[in-house]
Amino acid sequence: MRFDTIVRNGTVVTATDTYRSDIGIANGRITAIAQSLPVEGASKWIDAAGMLVMPGGIDVHTHLDMPFGGTTSADDFESGTIAAAFGGTTTLIDFAIQQKGQSLRQALETWMKKADRKAAIDYAFHCIITDLGDAQLEEMGALIAEGVSSFKLFMAYPGVLMVDDATIFRAMSEAAKYGGLICMHAENGGAIDVIVRRALAEGKRAPKYHALTRPTTAEGEATSRALALAEMAGSPVYIVHLSCNDALEKVREARDRGLPAYAETCPQYLFLSLEKMDAPGFEGAKYVFTPPLREKWHQDKLWQGLAHDALQVVSTDHCPFCFKEQKELGKDDFTKIPNGGPGIEHRLSLVYTGGVHGGRFSPNRFVQLVATAPAKLFGLFPRKGTIAIGSDADLIVLDPNREQVISASTHHMRVDYSMFEGMRVKGVPICVLLRGTTILEGGKFVGKPGNGEFVRRQRYNRV
Ligand code: URP
Ligand code: ZN
Ligand code: ZN
(Lines give C-alpha, C1' and ligand atoms only; values in the text may rest on other atoms or scores of the structure.)
(Ligands and ions follow the chains in the order given, each with its own letter.)
Protein backbone atom coordinates (compact mmCIF):
# COMPACT_ATOMS: atom_id res chain seq x y z
CA MET A 1 0.00 0.00 0.00
CA ARG A 2 1.41 3.42 -0.91
CA PHE A 3 0.67 6.57 1.06
CA ASP A 4 1.28 10.22 0.39
CA THR A 5 1.62 10.80 4.14
CA ILE A 6 1.62 8.75 7.30
CA VAL A 7 0.89 10.29 10.69
CA ARG A 8 2.85 8.02 13.03
CA ASN A 9 2.75 7.03 16.67
CA GLY A 10 0.00 9.38 17.74
CA THR A 11 -2.95 8.77 20.04
CA VAL A 12 -6.01 8.95 17.82
CA VAL A 13 -8.99 10.61 19.51
CA THR A 14 -12.43 10.52 17.94
CA ALA A 15 -15.78 11.38 19.53
CA THR A 16 -16.05 7.77 20.70
CA ASP A 17 -12.59 6.18 20.91
CA THR A 18 -9.01 6.74 22.00
CA TYR A 19 -6.26 4.42 20.71
CA ARG A 20 -2.63 4.36 19.59
CA SER A 21 -2.41 4.16 15.83
CA ASP A 22 -0.78 5.28 12.60
CA ILE A 23 -2.91 6.94 9.94
CA GLY A 24 -2.18 6.48 6.23
CA ILE A 25 -3.30 9.12 3.75
CA ALA A 26 -3.60 8.88 -0.03
CA ASN A 27 -5.23 11.33 -2.45
CA GLY A 28 -6.45 13.52 0.39
CA ARG A 29 -8.33 10.76 2.18
CA ILE A 30 -7.65 8.48 5.09
CA THR A 31 -6.90 5.08 3.56
CA ALA A 32 -5.44 3.13 6.47
CA ILE A 33 -5.65 3.12 10.25
CA ALA A 34 -3.30 0.56 11.77
CA GLN A 35 -0.97 0.03 14.71
CA SER A 36 2.05 0.31 12.48
CA LEU A 37 2.26 1.38 8.83
CA PRO A 38 5.50 1.03 6.79
CA VAL A 39 7.14 4.46 6.42
CA GLU A 40 9.03 3.20 3.35
CA GLY A 41 5.69 3.26 1.55
CA ALA A 42 5.13 6.97 2.15
CA SER A 43 6.43 10.19 0.58
CA LYS A 44 6.17 11.99 3.92
CA TRP A 45 5.63 11.07 7.52
CA ILE A 46 4.69 13.14 10.53
CA ASP A 47 5.82 12.05 13.98
CA ALA A 48 2.94 12.44 16.42
CA ALA A 49 4.50 10.57 19.36
CA GLY A 50 3.12 11.91 22.63
CA MET A 51 0.51 13.91 20.72
CA LEU A 52 -3.23 13.59 20.13
CA VAL A 53 -4.42 13.13 16.56
CA MET A 54 -7.93 14.47 16.12
CA PRO A 55 -10.29 15.37 13.27
CA GLY A 56 -9.89 18.97 12.09
CA GLY A 57 -12.12 21.46 13.85
CA ILE A 58 -15.39 22.57 12.24
CA ASP A 59 -16.58 26.08 13.03
CA VAL A 60 -20.21 26.37 11.95
CA HIS A 61 -20.67 30.05 12.80
CA THR A 62 -18.40 32.68 11.24
CA HIS A 63 -18.94 36.04 9.53
CA LEU A 64 -16.10 36.76 7.11
CA ASP A 65 -16.19 39.83 4.88
CA MET A 66 -19.66 40.68 6.15
CA PRO A 67 -21.17 44.15 5.79
CA PHE A 68 -22.76 44.92 9.16
CA GLY A 69 -23.38 47.94 11.39
CA GLY A 70 -22.16 50.42 8.77
CA THR A 71 -18.85 48.67 8.16
CA THR A 72 -17.48 45.26 7.11
CA SER A 73 -16.06 42.52 9.33
CA ALA A 74 -12.29 42.84 9.37
CA ASP A 75 -11.31 39.32 8.28
CA ASP A 76 -11.97 38.27 4.74
CA PHE A 77 -11.90 34.66 3.53
CA GLU A 78 -8.12 34.75 3.26
CA SER A 79 -7.11 36.21 6.61
CA GLY A 80 -9.98 34.54 8.47
CA THR A 81 -9.32 31.04 7.16
CA ILE A 82 -5.57 31.32 7.77
CA ALA A 83 -6.27 32.35 11.37
CA ALA A 84 -8.68 29.40 11.62
CA ALA A 85 -5.95 27.03 10.40
CA PHE A 86 -3.58 28.28 13.11
CA GLY A 87 -6.19 27.20 15.62
CA GLY A 88 -6.87 23.76 14.15
CA THR A 89 -10.08 24.53 12.27
CA THR A 90 -10.16 22.96 8.80
CA THR A 91 -13.76 23.64 7.76
CA LEU A 92 -16.05 26.57 8.45
CA ILE A 93 -19.63 27.41 7.64
CA ASP A 94 -20.18 31.11 6.99
CA PHE A 95 -23.42 32.94 6.20
CA ALA A 96 -24.68 34.19 2.82
CA ILE A 97 -27.04 37.06 3.60
CA GLN A 98 -30.13 37.56 1.46
CA GLN A 99 -30.83 41.27 0.94
CA LYS A 100 -34.54 42.06 0.98
CA GLY A 101 -36.08 41.27 -2.42
CA GLN A 102 -33.13 39.14 -3.51
CA SER A 103 -33.34 35.47 -4.36
CA LEU A 104 -31.56 33.12 -1.96
CA ARG A 105 -29.42 32.00 -4.87
CA GLN A 106 -28.22 35.58 -5.49
CA ALA A 107 -27.12 35.75 -1.86
CA LEU A 108 -25.22 32.52 -2.24
CA GLU A 109 -23.50 33.71 -5.43
CA THR A 110 -22.32 36.87 -3.68
CA TRP A 111 -20.71 34.91 -0.87
CA MET A 112 -19.27 32.26 -3.19
CA LYS A 113 -17.38 35.09 -4.94
CA LYS A 114 -16.08 36.41 -1.62
CA ALA A 115 -14.58 33.01 -0.78
CA ASP A 116 -13.37 32.05 -4.24
CA ARG A 117 -9.56 31.81 -4.54
CA LYS A 118 -9.17 33.15 -1.02
CA ALA A 119 -10.17 30.42 1.39
CA ALA A 120 -7.30 28.43 2.87
CA ILE A 121 -9.58 25.83 4.49
CA ASP A 122 -12.77 24.17 3.29
CA TYR A 123 -15.99 26.13 3.60
CA ALA A 124 -19.74 26.02 3.19
CA PHE A 125 -22.61 28.45 3.68
CA HIS A 126 -25.82 28.74 5.62
CA CYS A 127 -28.23 31.14 3.94
CA ILE A 128 -29.62 34.00 6.06
CA ILE A 129 -33.24 34.62 5.12
CA THR A 130 -34.51 38.17 5.57
CA ASP A 131 -37.40 38.14 3.11
CA LEU A 132 -39.38 34.96 2.46
CA GLY A 133 -41.77 35.43 -0.45
CA ASP A 134 -43.23 32.44 -2.29
CA ALA A 135 -40.34 32.45 -4.77
CA GLN A 136 -37.70 32.28 -2.02
CA LEU A 137 -39.71 29.63 -0.18
CA GLU A 138 -39.58 27.51 -3.31
CA GLU A 139 -35.82 27.94 -3.56
CA MET A 140 -35.23 26.36 -0.17
CA GLY A 141 -35.71 22.76 -1.32
CA ALA A 142 -33.45 23.26 -4.33
CA LEU A 143 -30.70 24.84 -2.21
CA ILE A 144 -30.85 21.99 0.30
CA ALA A 145 -30.47 19.50 -2.57
CA GLU A 146 -27.49 21.49 -3.87
CA GLY A 147 -25.62 21.40 -0.57
CA VAL A 148 -26.80 24.50 1.27
CA SER A 149 -28.78 22.57 3.82
CA SER A 150 -29.21 25.14 6.61
CA PHE A 151 -30.66 28.62 7.02
CA LYS A 152 -30.43 31.29 9.69
CA LEU A 153 -33.30 33.52 10.75
CA PHE A 154 -33.23 36.40 13.21
CA MET A 155 -35.66 37.21 16.01
CA ALA A 156 -33.56 40.32 16.75
CA TYR A 157 -32.22 43.41 14.89
CA PRO A 158 -35.65 44.88 13.92
CA GLY A 159 -35.61 46.73 10.60
CA VAL A 160 -32.39 45.02 9.54
CA LEU A 161 -32.48 41.24 9.81
CA MET A 162 -35.45 40.43 12.05
CA VAL A 163 -38.33 38.38 10.63
CA ASP A 164 -41.74 37.68 12.16
CA ASP A 165 -43.03 34.42 13.62
CA ALA A 166 -45.03 33.58 10.49
CA THR A 167 -41.86 33.76 8.39
CA ILE A 168 -39.99 31.57 10.86
CA PHE A 169 -42.81 29.05 10.88
CA ARG A 170 -43.00 28.94 7.07
CA ALA A 171 -39.24 28.50 6.79
CA MET A 172 -39.21 25.74 9.40
CA SER A 173 -42.09 23.91 7.71
CA GLU A 174 -40.35 24.08 4.33
CA ALA A 175 -36.97 23.01 5.73
CA ALA A 176 -38.65 20.05 7.43
CA LYS A 177 -39.94 18.81 4.05
CA TYR A 178 -36.46 18.59 2.56
CA GLY A 179 -34.23 17.71 5.51
CA GLY A 180 -32.86 21.21 6.13
CA LEU A 181 -31.95 22.74 9.47
CA ILE A 182 -33.06 26.17 10.69
CA CYS A 183 -30.60 28.12 12.84
CA MET A 184 -32.19 30.73 15.08
CA HIS A 185 -30.80 33.94 16.52
CA ALA A 186 -33.09 33.91 19.53
CA GLU A 187 -33.57 37.26 21.26
CA ASN A 188 -36.84 39.22 21.51
CA GLY A 189 -35.83 42.07 19.20
CA GLY A 190 -39.04 44.07 19.68
CA ALA A 191 -38.78 44.26 23.45
CA ILE A 192 -35.03 44.94 23.28
CA ASP A 193 -35.66 47.82 20.88
CA VAL A 194 -38.01 49.47 23.39
CA ILE A 195 -35.48 49.05 26.23
CA VAL A 196 -32.72 50.49 24.02
CA ARG A 197 -34.79 53.57 23.14
CA ARG A 198 -35.52 54.16 26.83
CA ALA A 199 -31.81 53.93 27.66
CA LEU A 200 -30.88 56.42 24.95
CA ALA A 201 -33.60 58.82 26.13
CA GLU A 202 -32.03 58.65 29.61
CA GLY A 203 -28.63 59.55 28.14
CA LYS A 204 -27.18 56.06 28.62
CA ARG A 205 -24.77 55.83 25.71
CA ALA A 206 -21.69 53.92 26.94
CA PRO A 207 -20.82 50.42 25.59
CA LYS A 208 -22.05 48.68 28.76
CA TYR A 209 -25.62 49.65 27.91
CA HIS A 210 -25.45 47.29 24.95
CA ALA A 211 -25.38 44.45 27.48
CA LEU A 212 -27.74 46.05 29.99
CA THR A 213 -30.46 46.56 27.39
CA ARG A 214 -30.49 42.91 26.26
CA PRO A 215 -31.72 40.92 29.28
CA THR A 216 -31.39 37.15 29.56
CA THR A 217 -35.21 37.00 29.70
CA ALA A 218 -35.31 38.29 26.11
CA GLU A 219 -33.10 35.39 25.03
CA GLY A 220 -35.06 32.87 27.10
CA GLU A 221 -38.39 34.03 25.67
CA ALA A 222 -37.22 33.94 22.06
CA THR A 223 -35.58 30.54 22.52
CA SER A 224 -38.81 29.18 23.95
CA ARG A 225 -40.78 30.66 21.02
CA ALA A 226 -38.33 29.26 18.44
CA LEU A 227 -38.62 25.82 20.02
CA ALA A 228 -42.43 26.01 20.01
CA LEU A 229 -42.52 27.12 16.36
CA ALA A 230 -40.21 24.23 15.42
CA GLU A 231 -42.36 21.77 17.33
CA MET A 232 -45.47 23.01 15.50
CA ALA A 233 -43.66 22.82 12.16
CA GLY A 234 -42.32 19.35 12.91
CA SER A 235 -38.81 20.57 12.20
CA PRO A 236 -35.48 20.38 13.96
CA VAL A 237 -34.06 23.67 15.22
CA TYR A 238 -30.57 24.85 16.13
CA ILE A 239 -30.22 27.81 18.51
CA VAL A 240 -27.08 29.82 17.71
CA HIS A 241 -24.76 31.60 20.16
CA LEU A 242 -26.70 30.60 23.29
CA SER A 243 -25.35 32.74 26.12
CA CYS A 244 -27.37 32.21 29.28
CA ASN A 245 -29.08 29.76 31.59
CA ASP A 246 -32.56 31.10 30.75
CA ALA A 247 -32.19 29.88 27.15
CA LEU A 248 -30.31 26.74 28.14
CA GLU A 249 -33.18 25.60 30.37
CA LYS A 250 -35.60 25.90 27.45
CA VAL A 251 -33.40 23.81 25.18
CA ARG A 252 -32.85 21.19 27.86
CA GLU A 253 -36.60 20.96 28.49
CA ALA A 254 -37.32 20.49 24.77
CA ARG A 255 -34.62 17.83 24.45
CA ASP A 256 -35.94 16.02 27.53
CA ARG A 257 -39.26 15.80 25.69
CA GLY A 258 -37.42 14.14 22.79
CA LEU A 259 -37.60 17.07 20.37
CA PRO A 260 -34.82 17.53 17.81
CA ALA A 261 -33.63 20.74 19.48
CA TYR A 262 -29.95 21.70 19.41
CA ALA A 263 -27.83 24.61 20.51
CA GLU A 264 -24.32 25.97 20.33
CA THR A 265 -22.47 28.27 22.66
CA CYS A 266 -19.23 30.17 22.03
CA PRO A 267 -15.96 30.64 23.98
CA GLN A 268 -16.79 34.26 24.86
CA TYR A 269 -19.80 33.09 26.90
CA LEU A 270 -17.76 30.35 28.57
CA PHE A 271 -14.82 32.53 29.62
CA LEU A 272 -15.93 36.19 29.76
CA SER A 273 -18.61 37.91 31.81
CA LEU A 274 -20.49 41.16 32.22
CA GLU A 275 -17.72 42.85 34.28
CA LYS A 276 -15.75 43.24 31.04
CA MET A 277 -18.24 45.94 30.07
CA ASP A 278 -17.02 48.08 32.99
CA ALA A 279 -13.56 48.44 31.42
CA PRO A 280 -12.42 52.08 31.48
CA GLY A 281 -13.29 54.54 28.72
CA PHE A 282 -14.55 52.97 25.54
CA GLU A 283 -12.77 49.59 26.14
CA GLY A 284 -16.11 47.85 26.74
CA ALA A 285 -16.79 48.19 23.00
CA LYS A 286 -14.42 45.26 22.44
CA TYR A 287 -17.09 43.06 24.02
CA VAL A 288 -20.10 44.45 22.19
CA PHE A 289 -21.63 41.45 20.48
CA THR A 290 -25.05 39.87 20.50
CA PRO A 291 -26.25 38.24 22.68
CA PRO A 292 -24.09 40.15 25.15
CA LEU A 293 -21.90 38.95 28.00
CA ARG A 294 -23.81 37.69 31.03
CA GLU A 295 -23.24 37.49 34.79
CA LYS A 296 -20.45 35.07 35.63
CA TRP A 297 -22.66 32.35 37.14
CA HIS A 298 -24.06 31.51 33.70
CA GLN A 299 -20.63 30.17 32.66
CA ASP A 300 -20.82 27.11 34.92
CA LYS A 301 -24.28 26.32 33.60
CA LEU A 302 -23.02 26.48 30.02
CA TRP A 303 -20.04 24.21 30.79
CA GLN A 304 -22.45 21.74 32.43
CA GLY A 305 -24.67 21.98 29.36
CA LEU A 306 -21.71 21.04 27.16
CA ALA A 307 -20.75 18.15 29.42
CA HIS A 308 -24.26 16.71 29.61
CA ASP A 309 -25.42 17.35 26.04
CA ALA A 310 -27.95 20.12 26.65
CA LEU A 311 -25.53 21.95 24.31
CA GLN A 312 -24.09 20.08 21.34
CA VAL A 313 -21.60 22.43 19.68
CA VAL A 314 -19.04 25.15 20.38
CA SER A 315 -18.69 27.60 17.49
CA THR A 316 -17.11 31.07 17.53
CA ASP A 317 -19.57 33.55 15.96
CA HIS A 318 -16.33 35.11 14.70
CA CYS A 319 -17.35 38.60 13.56
CA PRO A 320 -14.30 40.83 14.00
CA PHE A 321 -14.29 44.62 13.98
CA CYS A 322 -11.16 46.61 14.80
CA PHE A 323 -11.31 48.73 17.93
CA LYS A 324 -9.84 51.66 16.02
CA GLU A 325 -12.20 53.14 13.45
CA GLN A 326 -14.72 50.28 13.44
CA LYS A 327 -15.83 49.88 17.09
CA GLU A 328 -15.19 53.64 17.37
CA LEU A 329 -18.18 54.26 15.09
CA GLY A 330 -20.19 54.00 18.29
CA LYS A 331 -18.02 56.21 20.50
CA ASP A 332 -20.96 58.40 21.45
CA ASP A 333 -23.78 55.89 21.09
CA PHE A 334 -23.59 52.18 21.93
CA THR A 335 -26.22 51.35 19.29
CA LYS A 336 -23.72 52.37 16.60
CA ILE A 337 -20.95 50.02 17.78
CA PRO A 338 -20.74 47.21 15.20
CA ASN A 339 -21.82 44.00 16.93
CA GLY A 340 -19.32 41.17 16.91
CA GLY A 341 -16.06 39.86 18.28
CA PRO A 342 -13.02 37.95 16.97
CA GLY A 343 -12.57 34.31 17.97
CA ILE A 344 -11.93 32.01 15.01
CA GLU A 345 -8.32 31.28 16.00
CA HIS A 346 -8.57 30.08 19.59
CA ARG A 347 -11.74 28.00 19.84
CA LEU A 348 -10.05 24.62 20.14
CA SER A 349 -7.39 25.70 22.62
CA LEU A 350 -9.92 27.50 24.80
CA VAL A 351 -12.37 24.59 24.88
CA TYR A 352 -9.58 22.06 25.45
CA THR A 353 -8.25 24.18 28.32
CA GLY A 354 -11.56 24.79 30.06
CA GLY A 355 -13.18 21.48 29.17
CA VAL A 356 -10.49 18.81 29.26
CA HIS A 357 -7.84 20.38 31.52
CA GLY A 358 -10.64 21.91 33.56
CA GLY A 359 -11.85 18.37 34.32
CA ARG A 360 -15.30 18.99 32.87
CA PHE A 361 -15.25 16.45 30.04
CA SER A 362 -13.10 13.95 28.16
CA PRO A 363 -10.99 14.54 25.05
CA ASN A 364 -13.65 12.51 23.18
CA ARG A 365 -16.40 14.90 24.22
CA PHE A 366 -14.09 17.74 23.12
CA VAL A 367 -13.89 16.20 19.63
CA GLN A 368 -17.66 15.72 19.59
CA LEU A 369 -18.26 19.40 20.43
CA VAL A 370 -15.78 21.02 18.05
CA ALA A 371 -15.88 18.62 15.10
CA THR A 372 -18.17 15.58 15.07
CA ALA A 373 -21.51 17.04 16.18
CA PRO A 374 -21.10 20.08 13.90
CA ALA A 375 -20.32 17.72 11.01
CA LYS A 376 -23.37 15.54 11.68
CA LEU A 377 -25.85 18.35 12.24
CA PHE A 378 -24.75 20.26 9.18
CA GLY A 379 -24.42 17.39 6.71
CA LEU A 380 -20.62 17.10 6.55
CA PHE A 381 -20.32 13.70 8.22
CA PRO A 382 -18.63 11.24 7.61
CA ARG A 383 -16.60 13.10 5.01
CA LYS A 384 -15.54 15.45 7.80
CA GLY A 385 -15.66 15.47 11.59
CA THR A 386 -14.12 12.06 12.23
CA ILE A 387 -11.12 9.83 11.63
CA ALA A 388 -12.29 6.90 9.51
CA ILE A 389 -11.33 5.12 6.31
CA GLY A 390 -12.61 7.21 3.41
CA SER A 391 -12.96 10.45 5.37
CA ASP A 392 -11.11 13.56 4.22
CA ALA A 393 -7.69 13.64 5.85
CA ASP A 394 -8.49 16.84 7.78
CA LEU A 395 -6.40 16.17 10.85
CA ILE A 396 -4.84 18.03 13.70
CA VAL A 397 -1.91 16.97 15.80
CA LEU A 398 -2.58 18.56 19.17
CA ASP A 399 0.01 18.88 21.91
CA PRO A 400 -2.13 18.54 25.05
CA ASN A 401 0.56 20.08 27.24
CA ARG A 402 1.76 22.95 25.13
CA GLU A 403 0.87 26.33 26.58
CA GLN A 404 0.23 29.57 24.76
CA VAL A 405 -0.71 33.07 25.87
CA ILE A 406 -3.39 34.58 23.66
CA SER A 407 -2.56 38.08 22.47
CA ALA A 408 -3.40 40.46 19.64
CA SER A 409 0.37 40.95 19.26
CA THR A 410 0.77 37.34 18.10
CA HIS A 411 -2.60 36.26 16.71
CA HIS A 412 -3.33 35.98 13.00
CA MET A 413 -6.80 37.50 12.85
CA ARG A 414 -6.83 40.87 11.09
CA VAL A 415 -8.06 42.75 14.13
CA ASP A 416 -6.30 45.02 16.60
CA TYR A 417 -7.40 43.41 19.88
CA SER A 418 -8.17 40.05 21.41
CA MET A 419 -11.19 39.31 23.58
CA PHE A 420 -8.97 36.84 25.45
CA GLU A 421 -5.85 39.03 25.78
CA GLY A 422 -3.35 37.55 28.24
CA MET A 423 -5.27 34.31 28.78
CA ARG A 424 -3.02 31.23 29.08
CA VAL A 425 -4.32 28.17 27.24
CA LYS A 426 -3.01 24.60 27.36
CA GLY A 427 -3.57 22.27 24.39
CA VAL A 428 -2.38 23.68 21.08
CA PRO A 429 -2.60 22.27 17.51
CA ILE A 430 1.00 22.00 16.29
CA CYS A 431 0.31 20.44 12.90
CA VAL A 432 -2.80 20.73 10.71
CA LEU A 433 -3.66 18.81 7.54
CA LEU A 434 -6.35 19.77 5.07
CA ARG A 435 -7.33 16.87 2.81
CA GLY A 436 -3.90 15.38 3.41
CA THR A 437 -1.90 18.52 2.71
CA THR A 438 -0.04 20.06 5.61
CA ILE A 439 -1.23 23.63 6.13
CA LEU A 440 0.31 24.34 9.53
CA GLU A 441 3.63 23.11 10.90
CA GLY A 442 6.52 24.53 12.92
CA GLY A 443 4.32 27.43 13.99
CA LYS A 444 3.93 28.55 10.37
CA PHE A 445 1.04 28.54 7.94
CA VAL A 446 2.27 26.51 4.97
CA GLY A 447 -1.02 26.18 3.08
CA LYS A 448 -2.27 28.36 0.25
CA PRO A 449 -5.16 30.77 -0.01
CA GLY A 450 -7.46 29.35 -2.66
CA ASN A 451 -6.81 25.73 -1.70
CA GLY A 452 -9.95 25.66 0.44
CA GLU A 453 -12.87 24.05 -1.38
CA PHE A 454 -16.59 24.74 -1.23
CA VAL A 455 -18.27 21.71 0.33
CA ARG A 456 -21.73 20.66 -0.81
CA ARG A 457 -23.39 19.43 2.34
CA GLN A 458 -25.81 16.57 2.85
CA ARG A 459 -29.00 16.95 4.83
CA TYR A 460 -29.09 17.43 8.58
CA ASN A 461 -28.51 14.37 10.78
CA ARG A 462 -29.65 13.87 14.36
CA VAL A 463 -26.92 13.78 16.99
O1 URP B 1 -22.75 40.26 17.56
C2 URP B 1 -22.84 39.37 16.73
N3 URP B 1 -23.14 38.15 17.13
N4 URP B 1 -22.60 39.63 15.44
C5 URP B 1 -22.77 38.75 14.35
C6 URP B 1 -24.19 38.63 13.91
C7 URP B 1 -24.96 37.62 14.69
O8 URP B 1 -25.98 37.95 15.26
O9 URP B 1 -24.57 36.46 14.73
ZN1 ZN C 1 -26.86 35.95 15.57
ZN1 ZN D 1 -23.28 35.28 14.18
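If you're wondering where the values come from, they're calculated on a predicted model, not measured in any experiment. The basis for the numbers below is simple: all heavy atoms, side chains too, and nothing from hydrogens, waters or symmetry mates. Position 1 is the first residue of the sequence; numbering continues from there.
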Margin query: With side-chain contact (heavy atoms from CB on, under 4.5 Å) as the criterion, how do T223 and M184 come out once you've worked through the C-alpha distance, each side chain's angles and the decisive distance to 0.1 Å?
Written below: CA-CA 8 Å; T223 301; M184 292 303 309; over 6 Å; no
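- In plain terms, the two heavy atoms of I33 and S21 that are nearest each other are CG2-OG, 3.4 Å.
- Proximity of a side-chain donor or acceptor of E139 to a complementary backbone N or O of L104 within less than 3.5 Å is detected.
- Although no hydrogens or angles enter the test, the distance criterion places a donor-acceptor pair under 3.5 Å between the side chain of W111 and the main chain of F95.
- Inter-residue side-chain proximity for L64 and H318 is flagged as met; some heavy-atom pair is nearer than 4.5 Å.
- Y123 and F125 have perpendicular rings, their planes meeting at more than 60° on a 0 to 90° scale where under 30° would count as parallel.
- For A211 against M277, the heavy-atom pair with the smallest separation is CB-CG, 4.0 Å.
- Ring planes of Y417 and F323: perpendicular class, angle over 60° (limits at 30 and 60°).
- For H210 (side chain) and F289 (main-chain N/O), a donor-acceptor pair under 3.5 Å exists by modelled atom type.
- In terms of modelled atom types and a separation under 3.5 Å, the side chain of Q299 and the main chain of L272 share a donor-acceptor contact.
- Between K118 and D65, none of the side-chain N atoms (NZ, or NE/NH1/NH2) sits under 4.0 Å from a carboxylate O, so this pair counts as no salt bridge.
- Less than 6.0 angstrom separates the ring centroid of Y157 from the ring centroid of F68.
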Checklist line | Trace of the side chain to side chain donor-acceptor pair (under 3.5 Å) decision for K44 with T438 | finding: CA-CA 10 Å; K44 171 175 175 162; T438 305; 3.0 Å; yes
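- Note that OG1 of T90 is 10.5 Å distant from CG of D59, once rounded to the nearest 0.5 Å.
- The minimum heavy-atom distance between A176 and S235, with the atom names listed, is CB-CB, 3.6 Å.
- Counted by atom type alone, S43 and D4 present zero donor-acceptor pairs between their side chains at under 3.5 Å.
- Here H61 pairs with H63, E264, D317 under the side-chain hydrogen bond (donor to acceptor under 3.5 Å, both in side chains) rule; sequence neighbours left out.
- No donor-acceptor pair closer than 3.5 Å links the side chain of S79 to the backbone N or O of M413.
- Note that CE of M140 is 9.0 Å distant from OG of S173, once rounded to the nearest 0.5 Å.
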Item checked: Steps toward side-chain contact (heavy atoms from CB on, under 4.5 Å) verdict (H411, H346) -> CA-CA 9 Å; H411 74 201; H346 300 112; 3.9 Å; yes
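- In terms of heavy atoms, I121 sits closest to A84 at CD1-CB, 3.8 Å.
- Rounding to the nearest 0.5 angstrom, the gap separating the NE2 atom in H412 from the CG atom in L440 is 8.5 Å.
- Using a 4.0 Å cut-off between a side-chain N of Lys or Arg and a carboxylate O of Asp or Glu, R383 and D394 do not qualify as a salt bridge.
- Put simply, the side chain of T316 does not reach to within 4.5 Å of the side chain of T89, judged on heavy atoms.
- In terms of modelled atom types and a separation under 3.5 Å, the side chain of T110 and the main chain of Q106 share a donor-acceptor contact.
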Next item on the list: Might you work through the side-chain contact (heavy atoms from CB on, under 4.5 Å) test for E187 and T290, ending with a clear yes or no?
Entry: CA-CA 9 Å; E187 283 184 302; T290 308; 2.7 Å; yes
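- Here the side chain of R462 pairs no donor or acceptor atom with the backbone of P236 at under 3.5 angstrom.
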Note to self: Evaluate R435 against D122 for side-chain contact (heavy atoms from CB on, under 4.5 Å), listing each step before the verdict.
What the structure shows: CA-CA 9 Å; R435 283 177 277 103; D122 286 356; 2.6 Å; yes
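- The distance from the OG atom of S391 to the CG atom of L380 is 11.5 Å, given to the nearest 0.5 Å.
- Taking 4.5 Å as the limit, some side-chain heavy atom of V351 sits within range of a side-chain heavy atom of F361.
- In this structure, CD1 in I82 is found 11.0 Å from CD1 in I344, a value given to the nearest 0.5 Å.
- Side-chain atoms of N364 and T18 form a donor-acceptor pair, as typed in the model, at a separation below 3.5 Å.
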Checklist line | Test salt bridge (Lys or Arg N to Asp or Glu O under 4.0 Å) applied to R294 and E219, step by step | finding: CA-CA 11 Å; R294 306 302 193 184; E219 190 178 340; 2.9 Å; yes
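- Note that CG of L293 and CZ of F271 are 13.0 Å apart. Values are rounded to the nearest 0.5 Å.
- By the 6.0 Å contact criterion, NZ on K114 is enclosed, its count of non-hydrogen atoms from other residues, nucleotides or ligands being greater than 12.
- No donor-acceptor pair under 3.5 Å is formed between the side chain of Q136 and the backbone N or O of L132.
- Residues passing the ring pair (Phe, Tyr, Trp, His ring centres under 6.0 Å) test with F378 are H126, Y238, sequence neighbours excluded.
- Remark: side-chain polar atoms of D416 are paired, donor with acceptor, to backbone N or O of K324 under 3.5 angstrom.
- Judged by distance alone, the side chain of Q326 and the main-chain N or O of S73 form no donor-acceptor pair under 3.5 Å.
- Around atom CD of Q458, no more than 12 heavy atoms belonging to other residues, nucleotides or ligands sit under 6.0 Å away.
- Heavy atoms from other residues, nucleotides or ligands lying under 6.0 Å from CD of E146 number more than 12.
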